[in-house]
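Each remark here refers to the structure printed beneath this line.
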Amino acid sequence: MNPLEELAAAAYEDVAITEVIRPAAVLPESAARVVLVELALRDVRNDGQWWSSPTMWRRYDRPWDDPEVPGHAELIGSLQVTYGTPMKYAITVYRATVTPFGALHGWTVEALCDEALGFGGYTLADCPRADLNPPPKPFPKTPLQRG
């Protein structure tokens with residue numbers, strides 16, 4: 001291990017890097033469909049590096065040794081997603097985590113997001129974002145509540 005890798009290993013020792021994506025990145029329907037197809041084509045159980053579910057997309061450094069367990073494959077990071085929000089067929093990416101292994105090998109939250117979103121033609125920087133509406137104002141007190 002070279003000195004730079006040793007420094008990185010010490011800096012990220014057993015600490016995952018998690019970032020809440022604010023405002024959340026929203027893949028429009030057309031891009032969302034392409035991303036889902038590409039993730040399925042790149043499944044870890046089919047010689048790929050992604051394992052996806054309706055709530056999380058995980059990126060590994062290599063395909064799994066066995067269809068049921070990762071074996072020697074190391075998790076690089078994960079994206080927490082929600083399907084069908086804020087509109088039907090859209091996919092919202094709201095949190096990304098890079099594992100210590102991923103960070104040691106040069107992965108960042110942005111790079112992880114860019115790879116997944118890139119299947120649909122987006123990067124984290126140019127992906128549409130969820131509208132952040134201010135919370136509703138509290139109801140005014142009624143005469144009975146004031147007294």
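Heads up: numbering here begins at 1 and tracks the sequence.
Between the side chain of T99 and the backbone N or O of A16, no donor-acceptor pair lies under 3.5 Å. Between the side chain of S52 and the backbone N or O of L39, no donor-acceptor pair lies under 3.5 Å. Here the side chain of Q49 pairs no donor or acceptor atom with the backbone of R59 at under 3.5 angstrom.
Distance CZ/R58 to CD/Q80: 9.0 Å, rounded to 0.5 Å. A distance of 15.5 Å separates CG in N46 from CH2 in W51, rounded to the nearest 0.5 Å. Rounded to the nearest 0.5 Å, atoms CD1 (I17) and OG1 (T97) are 9.5 Å apart. To the nearest 0.5 Å, the span separating CZ on R22 from CZ on R129 amounts to 11.5 Å. Distance check, rounded to the nearest 0.5 Å: CH2 of W57 to CG of L117 gives 6.5 Å.
By the 4.5 Å heavy-atom criterion applied to side chains, C113 and L79 are counted as neighbours. Between V26 and P86, some side-chain heavy-atom pair lies under the 4.5 Å cut-off.
The cluster map of Ile, Leu, Val, Met, Phe, Trp and Tyr, joined by side-chain heavy atoms under 4.5 Å apart, puts F119 and Y60 in different clusters. Transitive grouping of hydrophobic side chains (ILVMFWY, heavy atoms separated by less than 4.5 Å) keeps L36 and V44 in distinct clusters. A single hydrophobic cluster is seen to contain both L27 and V81, as judged by linkage of ILVMFWY side chains at heavy-atom distances under 4.5 Å, directly or through other members.
Residues L124 and E110 share a closest heavy-atom pair of CD2-CA, 4.3 Å. Heavy-atom minimum distance, D61 versus H72: OD1-O, 4.5 Å. Here the closest non-hydrogen pair linking A25 and C127 is CB-SG, 3.9 Å. Scanning both residues, I21 and V93, for their nearest heavy atoms gives CB-O, 3.8 Å.
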Please step through side chain to side chain donor-acceptor pair (under 3.5 Å) for the pair W50 and E115, ending with a clear verdict.
CA-CA 11 Å; W50 285 92; E115 182 173 313; 2.9 Å; yes

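For residues 73-102, the ring-ring contact (aromatic ring centres under 6.0 Å, His included) pairs, not counting sequence neighbours, are F101-H105.
Environment of CG in D47: sparse, with no more than 12 heavy atoms of neighbouring residues, nucleotides or ligands closer than 6.0 Å.
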